[in-house]
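As the structure is a computational prediction, the values presented were derived from the model and not from experiment. Side chains included, hydrogens not; waters and symmetry mates left out as well; all remaining heavy atoms used. Proteins come first, then strands; the chains are lettered A, B, ... in the order of their sequence lines, and each starts at number 1.
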Amino acid sequence: MLTIHLSIVVFLPLAAALLAALLPARVGRWLVVGAMAGVLGYAIAMIADYEAGTAGLKYVTDDNWISELGVRYQLGVDGLNLFLIALTALLWVPSTLWGAARISERPKLFLFHMALAETAVLGAFCAQDLALFVVFFDLMLVPFYFLVGQWGGGDRVRATTKLLIYTLVGSLLMLAGAIALGVLSAGGGDISFSFAVLEQRTLGEGTQQWIFCLFAAAFLVKAPLFPFHGWVVDTYRATPTPVLVVLSAVVSKVGVYGFLRIVLPILPDASAYFQDLMLVLAVFSILYGSVLAFSQEEPRLVVAYSSIAQLGFIVLGIFSLTDLGSQGALMQMVNHGLVVAPLFFIIAALSARAAGPATLEQMGGMALRAPVLAALFLVVTFATLAMPGSPNFVGEILILFGAFDDKFVYGAVGILGVVLAAVYMLRIFQRSMHNRAGPGVKPAELGSLELAAILPVAAVVVALGVYPQLVLDRTERATTTKVAPALTAAGASDSEISEAK
Amino acid sequence: MSATAYGWVVLAAPLVGMLIIALGWRVLPGRSAGWLGSAAIGVSFLASVGMLIRLLDSPEESRALVSSAYNYVETAGFRADLSILVDPLSVFMCLVVSGVSFLIHLYSISYMTSDQGFARFFAYLNFFVFSMLLLILAANFVLLLVGWAFVGAASYLLISFWYRRGTATAAGIKAFVINVIGDVGLVIGAFLLFDATGALDYAGIFAAAPEVFAENDGKLVAACLMILVGAFAKSAQLPLHTWLPDAMEGPTPVSALIHAATMVTAGVYLIARCHPLFELAPTAADVGAILGTATLIFAASVALAATDLKRVIAYSTMSQIGYMVLGVSIGAYGAGLFHLMTHAFFKALLFMGAGSVIGAMSGIQSLDRMGGFRKAMPFTFVTFTIGALALASFPLFSGFFSKDEILAYALERGGLYAILGVVGYIAALLTAFYAGRMVFRVFFGASVPEAQELERGQLAHGTHANPATGEEEDTDVGFPGAEHHIAEREWPMKAAMAPLALLAVVAGVLGIPGVTDTLEHFLEPTFEGSRFAEVHPSTSAELIGLAVGGVVAIIALAAAYRYFTGDPQARVATRERFAGVHRVLINKWYFDEIFDRAIVRPVAAFGRFGRTVVESAIVQGVLVGGTVGIVRAGTSLARSIQTGELRFYAALLLMGVSGLILYFLLVSS
């Protein structure tokens with residue numbers, strides 16, 4: 001077993017960025033990217049070190065932080081966040097590399113914000129104390145506000161305003177929920193925000209329900225799910241590619257991760273109570289996102305709406321309140337991140353080759369001159385539409401089996417999303433790669449930067465498709481323990497209903 | 001080497017071939033990609049023979065072997081290994097698939113020579129064969145699904161192989177989406193079985209099924225119907241058939257391999273594989289038999305009127321698969337699979353011949369433009385005619401024995417099945433007629449200019465156009481190649497067609513009533529314990545069936561000869577007399593139009609509605625008024641749920657947030 005100090009992992013990017021601020025941009029750039037690669041190294045070491053079937057937290061850091069309020073600085077890794085940390089580490093490297101190479105306006109500041117964002121996201125994933133989680137969760141807002149606002153394209157003011165309002169409202173609601181949770185669960189005793197302590201304490205059903213609403217609002221906006229996605233269109237349009245990659249692939253997972261880490265184990269009765277509502281939202285998001293995805297002309301928006309559908313699948317899995325469903329949901333969080341990242345890089349590559357503005361109208365026929373681009377795009381397309389053999393299929397089939405188990409109708413309606421995914425993904429592939437090239441299309445093979453950003457992630461997708469058990473082995477114990485309380489609560493309320501009958 | 005070790009080789013060879021070609025396409029010289037790809041499939045075929053020998057060496061009761069490589073997915077009670085099942089059924093399928101695939105690879109080396117995507121073609125083709133063999137060898141439903149979807153993907157890639165053609169890419173998407181519908185059916189079916197039996201592997205499910213399911217158990221019937229959705233989407237049976245005719249956009253070897261000989265028979269394989277379930281759920285089996293019969297007569301009727309040579313063969317494929325589905329649904333497993341094999345031979349042969357003719361026509365596929373190729377293309381003429389006679393089940397050709405075995409079995413079971421059998425004979429009449437129609441219209445009658453030129457030794461090279469739209473194509477940048485190739489001039493094409501022609505004639509010897517039952521006997525261990533094992537038409541009944549089938553075929557062929565080589569005016573007159581029928585047939589019974597109105601347009605309309613109405617309501621409405629409203633509602637909700645001081649603070653905080661939002665709105669606007 002390795003000794004890993006999670007504080008180093010979390011703050012390494014930020015520290016490197018601060019140091020880089022003192023150095024010339026050329027050197028500083030590599031320092032930051034190097035630090036991020038270091039985080040990736042740590043993540044790989046953790047996966048290798050993490051034995052299948054391990055229960056409980058590893059590499060725990062636990063110190064007093066604000067003892068008056070019972071807030072602790074508590075970090076730890078278990079099956080639930082292991083692969084999300086790895087996903088963060090993996091995707092920040094190509095994104096930052098891309099940004100460092102392509103962004104000429106105030107590059108140092110850009111790198112600083114990217115690094116700060118990584119630290120915040122890693123902190124949110126690692127935090128084992130609710131107050132600390134909230135701090136990191138809100139800290140994420142800051143760099144993204146600047147990244148979209150300063151380096152965005154198009155109507156970036158509108159985009160940042162919406163992004164800020166939506167996520168700020170969510171954050172503040174969650175803050176209120178977190179305080180309430182800590183205070184009320186203490187019942188006059190010692191206040192604690194530690195997840196481990198909160199899981200042991202019990203809350204009245206009514207209290208659980210309104211706290212649930214506060215958390216759900218925050219997480220659903222972050223994901224986002226219908227109808228909390230008002231910020232998506234403008235943000236996805238305006239955000240620069242490297243930022244969009246991490247925003248969509250990683251940050252959106254913090255929300256759904258929160259359901260598994262916080263909501264299900266700490267508010268089990270409320271989770272069971274709101275199960276059907278959440279399933280309806282999930283299924284509606286799947287259908288709505290999928291249908292809208294195939295009526296979009298901008299590839300970025302196709303992926304934006306498809307993400308709403310994908311996040312719908314994840315929530316479907318979580319709120320099936322079954323072991324299978326949440327295992328599938330966790331797997332799918334990783335998978336969605338892994339396919340969305342190369343998709344956005346590919347879309348950036350397509351836009352650079354398009355005849356005019358980046359719409360499907362202005363593309364077409366690129367496969368002829370760019371076969372490598374076409375091949376990588378194809379692999380990612382098939383994975384995104386969850387073709388059997390891809391890791392996404394494993395995620396989706398587990399989610400669906402979980403949903404079918406007790407909530408067959410939701411699963412059966414949700415599965416239509418699989419068919420629709422085939423339509424919208426093949427549509428953007430065909431419209432950009434196939435048919436005849438339009439007059440202004442400038443097809444060219446991938447450049448080295450593009451290849452460096454896309455190929456490794458695509459390779460990880462293929463590898464996980466061959467051996468998905470790598471993830472499932474390590475996550476199983478954690479997810480089943482997190483779901484168990486809600487599962488019991490749902491079972492109890494079901495038997496109450498049948499008794500009443 | 002054990003049988004399962006051979007099994008892994010069967011899978012590995014095309015995978016390795018695909019990887020080498022895909023990664024080395026830039027450096028592979030000349031036609032080497034084609035030879036590499038063919039060699040890989042050759043290895044697969046030899047390894048399949050190895051499996052066969054090992055299996056025949058072992059006693060009959062130990063002829064079902066499972067070998068597992070590693071645990072593919074294993075969590076929370078869900079378990080699926082990467083494992084293969086080697087038994088008589090899978091070995092039989094492997095032999096047919098790898099054997100026919102090898103010959104089609106060989107054919108393609110010539111046919112695709114001048115195509116710009118030569119290496120890509122063979123990478124896809126090897127990938128397809130790998131997927132198909134995976135589908136066959138999979139020992140559980142999850143791996144089956146992987147193979148199932150991979151063949152769908154390969155089919156998509158090969159249908160839209162000439163991706164500069166809009167018609168080809170549209171056909172590819174249609175095929176893929178309908179196949180995904182099938183996948184979804186299979187996923188639901190697999191769940192229902194998993195839920196009841198707790199297993200995903202065939203052995204576990206089949207062992208538990210009689211324990212947990214009563215006969216015609218609702219859940220089991222549902223599971224079997226879902227499996228049928230999968231099978232019918234893949235095998236182009238009603239009503240999931242509309243993609244197959246469009247799939248003819250792919251290069252002709254693809255039509256021969258995927259859309260005739262192998263992939264489209266996967267549904268038949270699946271029903272045969274799941275026979276213990278269908279026997280427990282006779283209702284589902286009956287649905288399969290009825291839809292199979294409906295397909296076989298429907299498709300035969302459309303094949304009478306279609307004018308595109310490849311589409312005629314495609315409808316014929318649907319129709320013949322209908323026979324197979326009928327067979328395996330009523331318990332005639334040996335007969336259904338026998339027909340699967342003979343059909344693979346003669347249908348691949350027919351497509352290869354069609355490819356040769358289309359080559360001579362420089363890409364034109366319309367029967368209306370063809371005629372008189374008999375002298376110009378003697379080799380193609382002979383082999384194509386052999387294929388057509390086997391299709392028409394002309395006496396002593398292979399299709400003669402295999403088709404009649406199915407129908408005799410249906411009659412033997414009586415009742416509903418006897419009616420289906422009679423429909424089968426009526427369709428046989430149509431089959432022989434349209435088989436004759438193809439031969440007589442292509443090879444007989446007045447020679448078209450292309451045929452005359454060819455007789456003078458000149459292969460026509462017209463301008464290159466999309467046969468579906470007439471749109472001209474720029475062959476300098478490929479897709480499809482500038483030159484065409486005919487069997488008369490290319491030895492690999494001949495080498496591929498000759499063995500198939502031979503097999504199309506003689507493959508019947510594996511099941512001559514009263515004389516041989518080699519195939520059925522070999523397959524017996526797989527279908528041991530079938531409740532229909534004892535149902536057997538008597539030899540005399542089968543011989544009578546054969547006599548009837550033979551007479552039907554001869555009459556229909558004679559009629560076709562008179563009709564198509566006779567007075568053209570009479571044909572026009574007949575068509576006008578039956579204008580209404582002709583219109584229905586030429587429009588393929590309007591299935592495409594119905595689906596378009598019932599499904600495609602409503603979904604698209606919903607998408608437009610979402611984009612224009614719902615989105616603007618959310619983006620504008622929720623942002624400006626809604627957010628504040630939601631926050632207020634949340635506050636009052638919290639108030640109504642909970643009393644106490646903390647609630648008050650939370651509410652205060654929320655109102656603070658509302659203020660903040662208002663501030664931001666003012667600033668931003």
| task | State, yes or no, whether a side-chain contact exists between B:V73 and A:Y467 at a heavy-atom distance under 4.5 Å. | result | no
| message | Between B:E74 (side chain only) and A:Q469 (backbone N and O only), is there a donor and an acceptor less than 3.5 Å apart? | response | no
| request: Between chain B and each of A:D405, A:T480, A:L400, A:I211, count heavy-atom pairs under 4.5 Å; write down the option with the most. | output: A:D405
| Contacting region of A:V466 [heavy-atom separation from chain B under 4.5 Å] | both
| query | Which residues satisfy the ring pair (Phe, Tyr, Trp, His ring centres under 6.0 Å) test with A:F401, sequence neighbours excluded? | reply | B:F78, B:F191, B:F194
| remark: Whatever's closer than 4.5 Å to a heavy atom in chain B on A:L398 counts as side chain
| remark: Honestly, the part of A:I397 sitting under 4.5 Å from a heavy atom of chain B is side chain
| said: Can you tell me which portion of A:F382 sits under 4.5 Å from chain B's heavy atoms? Options are side chain, backbone, both or neither. | reply: side chain
| query | Tell me, do B:Y72 and A:P468 make a side-chain contact under 4.5 Å, heavy atoms counted? | reply | yes
| Between atom OG1 of B:T169 and atom NE2 of A:H434, what is the distance when rounded to the nearest 0.5 Å? | 7.5 Å
| A:L385 portion near chain B, given a 4.5 angstrom heavy-atom threshold | side chain
| field | ring pair (Phe, Tyr, Trp, His ring centres under 6.0 Å) involving A:Y273 - partner list, sequence neighbours excluded | value | none
| query | Taking B:I188, B:L192, B:D195 one by one, which has the highest count of heavy-atom pairs under 4.5 Å against chain A? | reply | B:I188
| query | Based on non-hydrogen pairs under 4.5 Å, which of B:W148, B:F150, B:Y70 is most in contact with chain A? | reply | B:Y70
| task | Could you tell me which of A:L472, A:D323, A:I415 has the largest number of non-hydrogen atom pairs under 4.5 Å with chain B? | result | A:I415
| said: Taking the side chain as everything from C-beta on, heavy atoms only, tell me whether A:L378 gets closer than 4.5 Å to B:L157. | reply: yes
| task | Taking all non-hydrogen atoms of both residues into account, name the closest pair between B:V177 and A:V419 and its distance. | result | CG1-CG1, 4.1 Å
| note | Nearest heavy-atom contact between A:M387 and B:A153 is SD-CB, 3.6 Å
| query | Which residue out of A:A375, A:P388, A:G465, A:G411 racks up the most heavy-atom pairs below 4.5 Å with chain B? | reply | A:P388
| Is B:I173 close to A:F429 at the side-chain level, that is, under 4.5 Å between some pair of heavy atoms? | no
| note | Between B:A76 and A:E476 the two heavy atoms that sit nearest each other are N-OE2, 3.1 Å
